Protein chains: 2
Amino acid sequence: MSRPQPHKRATVHDIAAAAGMSRGTVSRVLNGGYVSAEARAAIETAMSDLGYVPNNAARALKMRRSQAVAFVALEPHSLFLDDPNIGSIMLGANAALSLADHQMVSLVVESARDTERVARYLSGGFVDGAIVVSARTKDPIIRVISDLSLPAAFVGHPPDLDQNIPFVGIDNVGSARAITEHLATGGRRRIGMIAAALDRDSGIDRLAGFRAALGPLFDADLVADVPHYDYGSGVKGMRDLLERDPSIDGVFAASDAIAAGALEALRDAGRSVPGDVGVVGFDDSTWAVRCQPQLTTVHQPAKEIGSCAAQLILRQLRGEHPDPGGQLLPTPLVLRDSA
Amino acid sequence: MSRPQPHKRATVHDIAAAAGMSRGTVSRVLNGGYVSAEARAAIETAMSDLGYVPNNAARALKMRRSQAVAFVALEPHSLFLDDPNIGSIMLGANAALSLADHQMVSLVVESARDTERVARYLSGGFVDGAIVVSARTKDPIIRVISDLSLPAAFVGHPPDLDQNIPFVGIDNVGSARAITEHLATGGRRRIGMIAAALDRDSGIDRLAGFRAALGPLFDADLVADVPHYDYGSGVKGMRDLLERDPSIDGVFAASDAIAAGALEALRDAGRSVPGDVGVVGFDDSTWAVRCQPQLTTVHQPAKEIGSCAAQLILRQLRGEHPDPGGQLLPTPLVLRDSA
DNA sequence: TACGGATGTGTGAACGTGCACACAGTAGGA
DNA sequence: TCCTACTGTGTGCACGTTCACACATCCGTA
């Protein structure tokens, strides 16, 4: 069986031979060191003549550094399709890694098969670290990363996360509380919530903040529980709430996409927003300004979250130990028209 | 300067020593060959005791195969944030590569700095091939890939694409023509278009199809030209068209996101859809069913496009030469409520 | 008995790189 | 004169893996 050889590529040997120098000198041209002007010139012309590109796999093997960092998106199906947030986090992380001359490679995990392959990939020396987004409690990838002791940073923090792994996120409890209070201050009496993703810390915490804000006025009957942060869930959740209590006059949606869905359900039911019902969202994503009326929401600094996670990795690569515990970024309220 | 050593990891040597065997036997346990049951057992316990994971960088160096394929998204800023299509293409490609036990790694190119680094990465032996999405005419990445003669597949085809590089896409001209004809058949007289991305083949071809469908009825004054396939562009483009000709009664939007924006502008202008104005989109993305009314549109088989691109790569890796020219996937019309 | 094949195992040489070391020549100061 | 410092270059080794080859053993058969 003959392996298909994609391309016969020049190596340091070939360059050295063509320039009449030794491998060491070629290496010094590439990585710095004492090289005479003539030698450098000869080697550089040889490199461009032969179209030399260094083999990073060999370099990674020798240096134990690949200059690449993985961005692992778990169960991104709905995320990529409905939640613009993860895109922003990715772009933020990429920008920060790019400045440090690291390549971000993002890996998608959808199936068990993917999990295993990604684990192999992460442990294989192709990357120096990993940013993990949207891990659920008991996610097998958490164990894999702990076992490998690969430099890592999580976005959000599953409760069973290893103490030594740093994370970055937002204060979901506090932000949810703040936006709920805004709704209450506006004079709303019957305030409900469309809670989502209660298998993740973000979902649990947003519900906790909502509950804390209302205190004794909290009514468990006014909480609709939907699986995902997406538009369709918003429509369904809002219909549900309207059925349970037609006198509802305020809704906190766990995401902007959900809020957008809720607006549709309210429109169908003939309720005006913000006249009859005040609606607030969460994320300040592109959804927020697309809606009619535009959403009052919690700004989630997605780009900063991404770049912050990247910094956590870069710091570990410099040998610094990250502060234990997490880093929480501020989340200002954004007041628009929906409440 | 001491390099931060993330982890002292076991190698085949260590396993061999622990099991009282030689490296070769360990390799055979991993890659198949004649191994006695006792030897296999001893080595397997040694592997699990020492927590052995093979070093892919070393394997890639030796085998000249990394079992990884890059997914290069060019200028994804607006793509990731506004266009759910690219997410679907990614997931489709990942699924296909996953079945063939290849890791998909996606790379984001936003700046010139990114282009250079990605080029280095692609040529460095970390990946066996590359899927390139959303390349513009004269994109430097095209040259890089041609020069490397790295197995590649493009999604869409910039006109200056190397003849030898296969691509996958849809018949933008034909689909645009078909949906425009649907609009005309419905009895609309003054039909306009919100054309976008006229610096890419997709944008140019959709406009060409529109023009072909209308024939002599085509009126250049009823074409609004916007830069991107996003919601905001749709709002602007529609306002523009209404101003140019208030009697307009049909609109072909170059994407669903644009169509959604157009719906908003029409609502603001007090026009009913489909009563006063018929609107059709393109993509059949999540936008299409989120709108009020839901969009009549062209179904773009994004997942299939992704998996098809993946197949093109896998075929090249098996040493087969791909058919020159491209592969076009069918794009059925989806009739909903907006026209 | 001798031979060929199947099965099982060890050894050496690569893959392409970077670094430590060795060595050579020059210059300056004690 | 000798020692040191600096500049410039070549060589050997290691990174962790796989593969080709050599070798060893066992069995069935001519």
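Quantities reported herein were computed from a predicted structural model and do not represent experimental measurements. Here is the naming used below: chain letters follow the sequence lines, and residue numbers restart at 1 for every chain.
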Inset, instruction - Check whether any side-chain N or O of B:Ser48 sits under 3.5 Å from a backbone N or O of B:Thr45 as a donor-acceptor pair, and report yes or no. - result: yes
Inset, instruction - Kindly check if the number of other-residue, nucleotide or ligand heavy atoms within 6.0 Å of CD (A:Glu116) is above 12? - result: no
Legend entry - Main-chain N/O of B:Gly156 paired with B:Arg200 side-chain donor or acceptor, under 3.5 Å: no
Legend entry - Inter-axis angle, terminal five-pair segments of the helix from C:dT1-D:dA30 to C:dA30-D:dT1 [nearest 10°]: 70°
Legend entry - Members of residues 50-62 of chain A that approach DNA chain D, where some heavy atom sits under 4.0 Å away: A:Leu61, A:Lys62
Legend entry - Phosphate OP1/OP2 of D:dG16: any B:Thr11 side-chain N/O under 4.0 Å: no
Inset, instruction - Please say whether more than 12 non-hydrogen atoms of neighbouring residues, nucleotides or ligands are located less than 6.0 Å from CZ in A:Arg143. - result: no
Legend entry - Separation between CG of B:Asp114 and CG of A:Leu97, rounded to the nearest 0.5 Å: 10.0 Å
Inset, instruction - In whole angstrom, give the distance that lies between atom CZ of A:Arg65 and atom C1' of C:dC19. - result: 16 Å
Inset, instruction - Using atom CE of B:Met63 as one end and atom P of D:dG16 as the other, report the distance to the nearest whole Å. - result: 18 Å
Inset, instruction - Of all the heavy-atom pairs spanning B:Arg40 and B:Val35, show the shortest one and how long it is. - result: N-CG1, 3.8 Å
Legend entry - Minimum heavy-atom distance B:Ile43-B:Val29, with the two atoms named: CD1-CG2, 3.8 Å
Legend entry - Rounded distance (Å) that lies between atom P of D:dT17 and atom NE2 of B:His13: 9 Å
Inset, instruction - Quickly work out the B:Arg9 CZ to D:dC15 P distance and round it to whole Å. - result: 14 Å
Inset, instruction - Nearest whole angstrom, please: distance from the C1' of C:dG18 to the CD of A:Gln67. - result: 14 Å
Inset, instruction - Classify the angle between the aromatic ring planes of A:Phe126 and A:Tyr121 as parallel (below 30°), tilted (30 to 60°) or perpendicular (above 60°). - result: tilted
Legend entry - Atom-to-atom span, CZ of B:Arg64 to P of D:dG16 - whole angstrom: 21 Å
Legend entry - Whole-Å gap separating C1' (C:dA14) and CZ (B:Arg23): 11 Å
Legend entry - Polar contact flag, side-chain donor to acceptor under 3.5 angstrom, B:Ser27-B:Asn31: yes
Inset, instruction - State the CG-CE distance between B:Asn56 and B:Met63, to the nearest 0.5 angstrom. - result: 11.0 Å
Legend entry - Contact list for DNA chain D against residues 24-41 of chain B - heavy-atom distance below 4.0 Å: B:Ser27, B:Asn31
Inset, instruction - Taking A:Asp147 for its side chain and A:Val144 for its backbone only, find out whether a donor-acceptor pair lies under 3.5 Å. - result: no
